[in-house]
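Please read the structure below before turning to the comments.
Note that the structure is a prediction, hence the values are computed from the model and not measured.
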Amino acid sequence: MVLHTERLTLRPWEEADAESLYEYAKDPDVGPIAGWPVHTDAKMSLEIIRTVFAVPECYAICENGRDKAIGSIALKLNGSTDMTERDDECELGYWLGKPFWGRGYMPEAAEELLRRAFEELGMTTVWCGYYDGNLKSRSVQYKLGFRYHHTCDEVEVPLLNEVRIGHTNYLTKNLWEVYQKGGYMMLERMPDLERNEIKAQAKFLEEAGFRIEDEEWGIYYLRDDMRIGLYYDNHGDPTDIGIKFLQPNTHFSVSWLMKKKDGNIIRTRSSFLKIKKLLQYLEANFEDFTDDKVCDAVMKRY
């Protein structure tokens, strides 16, 4: 299988790619941050091509008109990923040679592979992760529309004999289809002024045991049983509060940060009062938030 984008060709790896693989994989800024060691010679790169890359849906990234491999991208299917045990879900993995950073190649390649995953392979969800500090990988995932799922403080990195903090994101087919239609749920960076105002108004969440996790597109308030995300959409307006109950794994969004007046969107402070009342309601009526009835009760009430 060979895939094409406006600027790139995605094709299977070949043994003849060993030299170009070594050229980019020997760079200490490429592999270790993704969890694998630098390549020490072309023989090591050849062995990687014969083993790691010799699996379905693993592609060498090449610029159109040139057959030289400059990176790799893959859909790790059930049995080759620890992120899912379902046949209709997979993990997206990728890396790119350093000379080609900053050109938008990786989002372009990933968009085509996501299209294949959802339209041709029948996937319902694609997972993707990055280690703490890998801001470039995080940025790629956000540009593609992936949403935060969870963070693990102790992730083993066996190839480097390390333990790191790992972040896991996901993208469903339904969300992907919204994005393809130019849906409003694409996220942009939240301005610092808005960010500081939200933190001041949502101080009660910290008092209720939530911890803050700042991201460029918004703010997450995390607790063992619940995650509350305040997002920005692609028009730069604070329009959605996403509430996720971690067990059961349910998520819903409500537009409490949106209020229209004369056709214009304005911010409303009553949004934070609603969050506070919702939290009080849940804690008064449920011993914990693992009850399947929690989400239904909230939706009916609000």
Measure the spacing between CD1 of Ile70 and CZ of Arg103 and express it to the nearest 0.5 Å. 7.5 Å
Whether Lys173 and Glu119 form a salt bridge (side-chain N of Lys/Arg under 4.0 Å from carboxylate O of Asp/Glu) is what I want to check. no
Hphob cluster co-occupancy, Ile33 + Ile165, side-chain heavy atoms under 4.5 angstrom: no
Minimal heavy-atom distance between Val2 and Pro12, with the atoms involved, is CG2-CD, 4.2 Å
Could you tell me which non-hydrogen atom of Val157 sits nearest to which non-hydrogen atom of Gly35, and how far apart they are? CG1-O, 3.5 Å
Report the C-alpha separation of Thr151 and Glu213 in whole Å, then their side-chain angles, then the decisive distance to 0.1 Å, and conclude whether the side chain to side chain contact (heavy atoms under 4.5 Å, CB included) test is met. CA-CA 11 Å; Thr151 293; Glu213 185 166 294; 4.2 Å; yes
If you group Ile, Leu, Val, Met, Phe, Trp and Tyr by side-chain heavy-atom gaps below 4.5 Å, do Met83 and Val163 land in one group? no
Would the distance check show the side chain of Glu15 and the main-chain N or O of Leu46 forming a donor-acceptor pair, the cut-off being under 3.5 Å? no
Within 6.0 angstrom of Asp29 CG, more than 12 heavy atoms from elsewhere: yes
Write down the atom of Leu77, the atom of Met123, and the distance for their closest heavy-atom approach. CD2-CE, 3.8 Å
Indicate yes or no: at least one non-hydrogen side-chain atom of Tyr221 is less than 4.5 angstrom from one of Ile212. yes
Are any of the side-chain nitrogens in Asp17 or Arg11 under 4.0 Å away from the carboxylate oxygens of its partner? yes
Count the heavy atoms of every other residue, nucleotide or ligand shown that sit under 6.0 Å from CD of Glu156, and state whether that count exceeds 12. no
Sequence neighbours excluded - ring pair (Phe, Tyr, Trp, His ring centres under 6.0 Å) pairs with any residue from residues 79-110: Tyr24-Phe100, Trp36-Trp95
Between Glu19 and Ala42, what is the shortest heavy-atom contact and its length? OE2-CB, 3.6 Å
d(Ile61 CD1, Arg7 CZ) to nearest 0.5 Å is 11.5 Å
Start with the C-alpha gap between Glu120 and Arg115, add the side-chain angles, then the distance that decides, and say whether salt bridge (Lys or Arg N to Asp or Glu O under 4.0 Å) holds. CA-CA 8 Å; Glu120 299 176 4; Arg115 182 204 62 77; 2.9 Å; yes
NZ/NE/NH1/NH2 to OD/OE distance under 4.0 Å, Lys68 and Glu63: no
List the atom of Ala109, the atom of Leu10, and the distance in Å for their closest heavy-atom pair. O-CD1, 3.8 Å
Common cluster, Tyr59/Val55, ILVMFWY with side-chain heavy-atom separation under 4.5 Å: no
Do Met1 and Arg116 make a side-chain contact, defined as non-hydrogen atoms from C-beta onward lying under 4.5 Å apart? yes
Find out whether Ile49 and Glu47 are in side-chain contact, i.e. whether some heavy atom of one side chain is under 4.5 Å from a heavy atom of the other. no
Lys/Arg N to Asp/Glu carboxylate O, Asp88 vs Arg86, below 4.0 Å: yes
Between Gln141 and His167, is there a side-chain heavy-atom distance shorter than 4.5 Å? no
Test of understanding: clusters of I, L, V, M, F, W, Y form through side-chain heavy atoms closer than 4.5 Å, transitively. Do Leu135 and Met106 belong to the same one? no
Check for me, please, whether Phe53 and Val38 land in the same ILVMFWY cluster - side-chain distances under 4.5 Å, paths through other members count. no
For Glu6, is there any backbone N or O sitting under 3.5 Å from a side-chain donor or acceptor partner on Asn64? yes
Just checking, any donor-acceptor pair under 3.5 angstrom between side chains of Thr5 and Glu108? yes
How long is the gap from CG on Asn134 to OG on Ser139, to the nearest 0.5 Å? 10.5 Å
Which atoms form the tightest heavy-atom contact between Leu114 and Trp176, and what is the distance? CB-NE1, 4.1 Å
Give me the ring orientation class for Trp127 and His149: parallel if the planes are under 30° apart, tilted from 30 to 60°, perpendicular past 60°. perpendicular
With a 4.5 Å cut-off on side-chain heavy atoms, are Cys90 and Thr81 touching? no
Does any non-hydrogen side-chain atom of Trp13 lie less than 4.5 Å from one of Ile48? no
When rounded to the nearest 0.5 Å, the distance separating CZ of Phe118 from OG1 of Thr124 is 8.0 Å
With Tyr170 as partner, the option from Glu89, Arg147, His150 fulfilling side chain to side chain contact (heavy atoms under 4.5 Å, CB included) is Arg147
Side chain to side chain contact (heavy atoms under 4.5 Å, CB included) test vs Leu144 passes for just one of Leu113, Leu92, Asn169, namely Leu92
Student check: side-chain heavy atoms of Leu160 and Pro37 closer than 4.5 Å: yes
I'd like to check Phe146 versus Val126 (side-chain heavy atoms, cut-off strictly below 4.5 Å). Are they in contact? yes
